[in-house]
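A short worksheet on the structure shown next.
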Amino acid sequence: MNVSIGGYSFNNTYLEGKMDVFGYLETVKYRYKLDVADLWNGFFIDRNTGPIYQLADESYIRKIREALDEKEMSVVNLAVDGAHLWDPDPEVRQRLYDNALVHLRASVILGAQTVRIDTGGSYHDVETMTDEQFEYTVRTYREFAQFASDNGFLIGPENHMGASLLPREMKRIAEAVDHPAFGFLVHLGRWKADREEGDKLVAPWAYHTHFDEQTAVSGDALNTIATLKDAGYKGYWGVEYNAPKRQYLEIERLLGIVKKHLADEADARGEG
């Protein structure tokens with residue numbers, strides 16, 4: 001069953017000083033019996049340099065790769081914070097771009113199958129893109145998608161911040177980028193507009209997904225899975241939920257719920 005656990009699910013455990021990236025890999029492999037890592041760069045960046053987060057040096061990234069290889073694990077997704085595309089300040093925008101290139105090289109070292117680099121913009125005041133922003137975003141994603149294609153992975157934003165929280169803007173970006181290595185990490189149901197049809201609008205470009213607690217336990221979860229499958233989705237179904245406490249138990253609970261949804265949906269299709 002194609003399920004994964006987003007690294008951000010253990011952010012509070014990390015902040016308590018009880019987990020690092022190697023502990024995350026041990027947890028996913030031996031506690032939850034999964035062979036894929038759903039990495040988040042929050043485990044190996046300098047959080048004091050935000051909003052442009054400096055990545056750990058290459059020797060540390062290679063140690064992560066060695067740990068993955070030792071456990072016979074692959075990276076189904078690398079979610080990148082602090083390297084989004086757009087900022088209205090050209091100098092900041094250039095620094096973000098340079099940081100994205102560093103993360104792209106790290107993605108190759110880690111063998112990531114998909115990489116999330118965000119559009120940029122506010123998490124709260126969501127607006128459609130200006131012409132300048134749209135043109136820059138499309139041009140840069142097209143460049144990154146070619147790099148991804150050359151190195152065997154897929155890339156694109158998550159519906160996470162700015163215009164990416166508007167599904168019609170996401171669709172507009174995808175159609176303009178028009179590259180086979182470009183797609184979306186779809187955080188299911190997280191939209192600031194067109195909530196009922198948001199997942200369906202972007203489903204043709206989905207390369208990875210995340211359930212949070214709300215979407216995992218909602219009565220619409222089976223329909224959501226069916227919608228993406230009908231659009232051709234064959235990727236992983238991730239669980240990403242940074243529970244306020246008892247994180248190991250909460251992830252175990254939600255992972256079980258998502259597995260049951262997948263089994264029930266497969267049965268409905270006669271695939272079980």
Side-chain angles (χ1 to χ4, degrees), residues 1-14 17-45 53 55-81 83 102-117 147-156 158 181 183-187 206-212 216 233-243 247-259 261-263:
M1 191 172 285
N2 287 1
V3 293
S4 64
I5 300 171
Y8 181 69
S9 300
F10 298 104
N11 183 45
N12 285 334
T13 304
Y14 168 87
K18 297 177 180 178
M19 181 182 281
D20 61 8
V21 65
F22 302 104
Y24 163 80
L25 295 178
E26 292 276 333
T27 296
V28 169
K29 177 71 176 184
Y30 300 114
R31 186 181 186 113
Y32 301 107
K33 312 299 182 185
L34 302 181
D35 292 326
V36 296
D38 196 339
L39 288 178
W40 171 54
N41 74 333
F43 279 124
F44 41 94
I45 53 176
Y53 298 111
L55 190 64
D57 62 47
E58 185 174 310
S59 65
Y60 192 82
I61 302 302
R62 292 193 180 279
K63 288 177 183 177
I64 300 173
R65 176 58 190 264
E66 288 171 6
L68 288 161
D69 291 344
E70 288 169 358
K71 295 172 179 60
E72 298 182 331
M73 298 178 73
S74 58
V75 178
V76 68
N77 179 254
L78 172 60
V80 175
D81 284 346
V102 172
H103 278 83
L104 288 179
R105 290 192 290 270
S107 301
V108 176
I109 294 171
L110 293 168
Q113 298 171 25
T114 65
V115 177
R116 182 266 277 170
I117 292 182
F147 180 92
S149 178
D150 292 342
N151 289 279
F153 62 92
L154 305 176
I155 194 167
E158 181 180 3
F184 302 136
L185 193 173
V186 182
H187 189 112
Y207 62 62
H208 189 51
T209 60
H210 279 159
F211 279 96
D212 57 26
Y233 183 69
K234 294 181 173 62
Y236 278 74
W237 304 90
V239 171
E240 185 189 66
Y241 173 53
N242 184 38
Q247 293 205 302
Y248 294 106
L249 289 176
E250 289 295 333
I251 289 303
E252 184 176 351
R253 175 177 69 92
L254 292 182
L255 195 63
I257 290 171
V258 170
K259 285 181 176 180
H261 288 328
L262 292 170

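Note that the coordinates shown come from a computational prediction; the quantities given were computed from them, not determined experimentally.
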How about Lys63 and Val21: do any of their side-chain heavy atoms sit closer than 4.5 Å?
-> no

Residues Val36 and Val28: closest non-hydrogen pair is O-CG1, 3.3 Å

Counting distance only, does the side-chain N/O of Ser9 pair as donor-acceptor with the main-chain N or O of Val239 below 3.5 Å?
-> yes

Given Asp38, Leu254, Leu34, the one that forms side chain to side chain contact (heavy atoms under 4.5 Å, CB included) with Ile5 = Leu34

In chain order, what residues pass the salt bridge (charged side-chain N to carboxylate O under 4.0 Å, His left out) check against Lys259, with sequence neighbours excluded?
-> none

For Leu78 against Asn41, the heavy-atom pair lying closest together | CD1-N, 4.2 Å

When rounded to the nearest 0.5 angstrom, what is the spacing between CH2 in Trp237 and OG1 in Thr209?
-> 5.0 Å

Mind listing the closest non-hydrogen atom pair of Arg65 and Ile109 along with its distance?
-> NH1-O, 2.8 Å

Okay, side chain of Tyr207, backbone of Gly156: is any donor-acceptor separation there less than 3.5 Å?
-> yes

Salt bridge (charged side-chain N to carboxylate O under 4.0 Å, His left out) filter on Glu158, not counting sequence neighbours, yields Arg116, Arg190

Write out all pairs satisfying salt bridge (charged side-chain N to carboxylate O under 4.0 Å, His left out) with one or both partners inside residues 19-28, taking only residues at least two apart or from two chains.
-> Glu26-Lys71

Between the OG1 atom in Thr114 and the CG atom in Leu39, the distance rounded to the nearest 0.5 Å is 10.0 Å

Salt bridge (charged side-chain N to carboxylate O under 4.0 Å, His left out) partners for Arg62, two or more places apart = Glu58

Identify, with sequence neighbours excluded, every residue that meets ring pair (Phe, Tyr, Trp, His ring centres under 6.0 Å) alongside Phe153.
-> none

Report yes if the distance between the aromatic ring centroids of Phe44 and Phe22 is under 6.0 Å, otherwise no.
-> no

Residues two or more places apart in sequence or in another chain: which of them pass side-chain contact (heavy atoms from CB on, under 4.5 Å) with Ala181?
-> Ala145, Ala148, Ser149, Leu154, His179

With sequence neighbours left out, the residues meeting salt bridge (charged side-chain N to carboxylate O under 4.0 Å, His left out) with Glu252 are none

Closest contact, heavy atoms only, Val186 versus Ala206 | CG2-CB, 3.8 Å

Nearest heavy-atom pair of His261 and Ala216: which atoms, and what distance?
-> NE2-O, 2.7 Å

Please determine if Glu250 and Arg253 form a salt bridge, counting it only when a charged side-chain N lies under 4.0 Å from a carboxylate O.
-> yes

With sequence neighbours left out, which residue pairs that include part of residues 27-37 fulfil the salt bridge (charged side-chain N to carboxylate O under 4.0 Å, His left out) condition?
-> Lys29-Asp35

Taking all non-hydrogen atoms of both residues into account, name the closest pair between Leu25 and Ala37 and its distance.
-> CD2-CB, 3.8 Å

Can you tell me how far the CD1 atom of Ile155 sits from the NE2 atom of His103, to the nearest 0.5 Å?
-> 11.0 Å

Can you tell me how far CG of Leu110 sits from CG of Asp69, rounded to the nearest 0.5 angstrom?
-> 10.0 Å

Excluding sequence neighbours, so at least two apart, what forms side-chain contact (heavy atoms from CB on, under 4.5 Å) with Gln247?
-> Phe10, Asn12, Thr13, Asn242, Ala243

Quick one: ring pair (Phe, Tyr, Trp, His ring centres under 6.0 Å) partners of Tyr14, sequence neighbours excluded?
-> Phe43

Please identify each residue that fulfils ring pair (Phe, Tyr, Trp, His ring centres under 6.0 Å) with Tyr8, with sequence neighbours left out.
-> Trp40

Measuring from Thr27:OG1 to Met19:CE, what's the distance to the nearest 0.5 Å?
-> 3.5 Å

Identify, with sequence neighbours excluded, every residue that meets ring pair (Phe, Tyr, Trp, His ring centres under 6.0 Å) alongside His208.
-> His210

